[in-house]
Visitor: 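Starting off with a structure, shown below.
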Amino acid sequence: MKNDGDTNRLKSMKSRGVDQEGAPGSLQQEPRSPDYITSPNTSFSSSSYSHAVTTLLRKLDVRLLPFLSWLYLLAFLDRVNLGSVHGALKEDLHLTDSQFSLAVGVFFIGYCVFEIPSNLLLKRFTPSRWISRIMFSWGVIMTIMAFVWNLPTLMILRFALGSCEAGFFPGILFYLTFWYPAERRALRIAYFYTSGVAAGAVAGLLGYFLLGLNGTLGLKGWQWVFIIEGLPSAIFGIVTWFYLPDFPETSAWLTADEKDLLKGILDRSRSLSIPSSNTKECDLETIELDELDEDSDSDEDVESPKKIRRKKKVGEVSPVSHQHQQQVTTTEAEQLPTPDLSRDLDHIKHEVKTVLTDTSIWAFVGLYSGIVTPLYCVSFFMPAIIAGFGHDQFVSNLLTVPIYTLGVIVTLVLCSLSDKRKDRSSFLIFQMSFSCVGFIALFLMEYSLEKGRANGWRYIFVAVAGLGLWPSIASSLAWLTDEVARGDDKGVDERTATATALVVSISNLGGL
C-alpha cells in the first residue's frame with residue numbers, strides 16, 4: 001500500500017498532463033527524473049511547481065544572459081568594424097575594391113574550418129576556459145590589426161581572427177543546452193542574439209565617432225577603431241574565465257534543491273521525443289492507480305485502473321534510502337567533464353560521422369543558410385540603401401537605429417510566443433514569408449516608382465525584410481537545438497556540438 005505522500009505526488013503528476021500510459025501528454029507534465037519525482041522532500045502542487053520553475057529560470061537568466069549578451073555584442077562589433085573603416089583603410093593601404101572584399105571574405109574561411117573542432121573541445125576544457133580562450137585570442141588579434149601595413153598582413157590577421165572566433169556563437173548555443181530545457185530555449189537564444197542586433201544599431205555610429213580620433217597620438221582613425229573595439233574583448237576574455245559558470249552541478253550559486261529541480265527539468269525535456277525503443281536498457285516502475293485509490297480521500301482525482309509508468313535507472317534504490325543519495329552523488333560526479341583529449345576518440349569520430357551523414361542536419365543547413373545569406377544583404381546594404389536617399393554617412397547610420405531597435409522588440413516577442421506555443425515551424429514560415437514580402441517589394445520598386453517617391457517605401461520595406469529575418473535566426477537555432485540536444489545516451493553532447501557548429505559555419509559562408 002502506498003503512503004499518502006506518493007498518492008499526492010501522483011495526483012499532482014496527473015493534473016500536470018501525464019497521460020494514462022505514461023507518455024508525454026504535454027510539455028507541462030511532471031519531469032521524468034527520478035531525483036525530482038521521488039525525492040521525499042520534493043512534493044509540488046501544480047501551482048508551486050510552476051512557481052519553482054519560473055523562479056529558477058529567472059535566476060539563471062539574471063546570472064547568464066546579460067553576460068553572454070555582452071560577450072556577443074563585443075563579438076559582433078569586432079566582426080563588422082571592417083565595414084566601418086573601409087574607406088580610410090583602403091586609402092591608407094592602397095587597396096582596390098576586390099582586394100578589400102578578399103580581406104573581408106578570408107575571415108569566413110578560418111571561421112568555417114575551425115568551428116566544429118572548437119565546439120567539440122568546449123565541454124572537455126569547460127565552457128568558462130574555452131570561451132575565455134576564444135575571446136582573449138580574438139581580442140588580441142583585433143588589437144594587432146591596428147598595425148597592419150599592407151594586404152598580406154591584413155589577410156593573415158583576418159584569417160587568424162576568423163580562426164580564433166570560430167566556436168563562439170555555436171559554442172554559446174551548445175552551452176545554453178546545459179542550462180535550459182528545449183521548450184524555454186528560443187527566448188533565451190533571442191535575448192543572446194538580439195544583443196548583436198542591438199550592436200548593429202550602434203556599430204556604424206561608433207565607428208564614425210572613432211574615426212574622428214584620426215591623428216590622436218599619431219594613429220589613424222581606423223587604427224583607433226581596431227584598438228578600442230579589440231581591447232574590451234581581450235579583457236572580458238579574462239573576466240569570463242572567472243565569472244562564467246560551467247555546469248549546473250558545479251555551480252555554488254545554485255542550492256542543492258535547485259540543482260535537483262533543474263536536472264529533472266532537463267532530463268524531462270531531453271526525453272520527450274525519445275522513442276520507446278530506447279527504454280530497453282531501463283527498468284520500468286509500474287504503479288497501479290487501483291492501489292492508490294484505496295488510500296486516497298477522494299476517488300475523482302485519479303483515473304483507474306490505468307498505469308503510470310516512468311523510467312527508472314538500473315540499480316536505483318528507494319528514494320528515502322541513504323544509498324539513493326550516494327547514487328545521485330556518484331552519477332553527478334561521473335557527469336563532470338575531464339580534459340582528456342585521448343578519451344573516447346573513436347566514439348567522437350563516430351558521433352561526428354553520424355551528424356555528417358544525417359540528412360535532417362543538412363536540411364537545417366539549407367534552412368539556416370536561407371536565412372543568413374539574405375540577412376547579410378540587409379546588414380551590409382541597409383546603410384547604402386538609406387544613403388541612396390541623399391543622406392551622408394552619419395545620417396544614414398542614424399536612420400538604421402529605429403529599424404534595429406524594432407528588430408530587437410519583434411524578435412523577443414515572437415520567440416517568447418514560440419516558446420509558449422511550443423511551435424517553431426509555424427513561426428518560421430510566417431517570419432520568412434514576411435521577410436520575402438520586403439525583398440520582393442524592394443525589387444519591384446526599382447522599376448515601378450521614381451527614385452524620390454520610392455525613398456519612403458524603400459525604408460519601410462528594408463525594415464520589413466529585416467524584421468522577418470532577425471527572429472528567424474533565433475527560431476531556427478532553437479529548433480535545431482531542440483532536435484539534436486535530446487536523449488540520454490553518451491553521444492548527445494558530441495552530436496549537439498557538431499550539429500550546431502556545422503550549421504552555423506557552413507551557413508556563414510553566405511557572407512562571402
Visitor: Any sub-3.5 Å donor-acceptor pair from Ser416's side-chain atoms to Leu187's backbone N or O?
Guide: no
Visitor: Heavy atoms, side chains only, cut-off 4.5 Å: are Phe178 and Leu262 in contact?
Guide: no
Visitor: Among Phe174, Phe125, Phe136, whose ring-ring contact (aromatic ring centres under 6.0 Å, His included) with Trp130 holds?
Guide: Phe125
Visitor: For the backbone of Leu356 and the side chain of Trp362, can you confirm whether one donor and one acceptor N or O come within less than 3.5 Å of each other?
Guide: yes
Visitor: About how many Å separate CG of Leu213 and CD1 of Ile227, when rounded to the nearest 0.5 Å?
Guide: 10.0 Å
Visitor: Just to verify, what does Asp61 make a salt bridge (charged side-chain N to carboxylate O under 4.0 Å, His left out) with, not counting sequence neighbours?
Guide: Arg188
Visitor: Start with the C-alpha distance between Glu183 and Arg268, add both sets of side-chain angles, then the distance that settles side chain to side chain contact (heavy atoms under 4.5 Å, CB included), and finish with yes or no.
Guide: CA-CA 11 Å; Glu183 63 270 23; Arg268 183 278 315 266; 2.4 Å; yes
Visitor: Determine the minimum heavy-atom distance between Leu210 and Trp224, stating which atoms define it.
Guide: O-CB, 4.2 Å
Visitor: Restricting to salt bridge (charged side-chain N to carboxylate O under 4.0 Å, His left out), what partner residues turn up for Lys353, sequence neighbours left out?
Guide: none
Visitor: Using the ring pair (Phe, Tyr, Trp, His ring centres under 6.0 Å) rule, collect all pairs that involve residues 153-172, keeping only residues at least two apart or in two chains.
Guide: Tyr72-Phe169, Trp138-Phe168, Phe169-Phe192
Visitor: Identify, with sequence neighbours excluded, every residue that meets salt bridge (charged side-chain N to carboxylate O under 4.0 Å, His left out) alongside Arg185.
Guide: Asp482
Visitor: Quick check: does any side chain N or O of Thr194 sit under 3.5 Å from a backbone N or O of Ala190, one acting as donor and the other as acceptor?
Guide: yes
Visitor: For Trp470 and Tyr193, I'd like to know if the aromatic rings sit close, meaning centre-to-centre distance below 6.0 Å.
Guide: no
Visitor: Among all residues two or more places apart in sequence or in another chain, which pass the side-chain hydrogen bond (donor to acceptor under 3.5 Å, both in side chains) test with Ser426?
Guide: Asp423
Visitor: With sequence neighbours left out, what residues match Asp419 under salt bridge (charged side-chain N to carboxylate O under 4.0 Å, His left out)?
Guide: Arg424
Visitor: Please name all residues satisfying side chain to side chain contact (heavy atoms under 4.5 Å, CB included) with Ile235, sequence neighbours left out, ordered by chain then number.
Guide: none
Visitor: Can you sort out the partners of Lys420 under side-chain hydrogen bond (donor to acceptor under 3.5 Å, both in side chains), two or more places apart, ordered by chain and number?
Guide: none
Visitor: For residues 103-112, which side-chain N or O atoms pair as donor and acceptor with protein atoms under 3.5 Å away, sequence neighbours left out?
Guide:
from   : atom 1 : to     : atom 2 : distance (Å)
Tyr111 : OH     : Arg79  : NH2    : 3.4
Tyr111 : OH     : Glu115 : OE2    : 3.3

Visitor: Is Phe226 close to Ile141 at the side-chain level, that is, under 4.5 Å between some pair of heavy atoms?
Guide: no
Visitor: Checking Thr96 now: which residues fulfil side chain to side chain contact (heavy atoms under 4.5 Å, CB included) with it, not counting sequence neighbours?
Guide: Ser98, Gln99
Visitor: Could you tell me which residues satisfy side-chain hydrogen bond (donor to acceptor under 3.5 Å, both in side chains) with Ser69, sequence neighbours excluded, listed by chain and number?
Guide: none
Visitor: Tell me every residue that passes side-chain hydrogen bond (donor to acceptor under 3.5 Å, both in side chains) with Thr54, counting only those two or more places apart in sequence or in another chain.
Guide: none
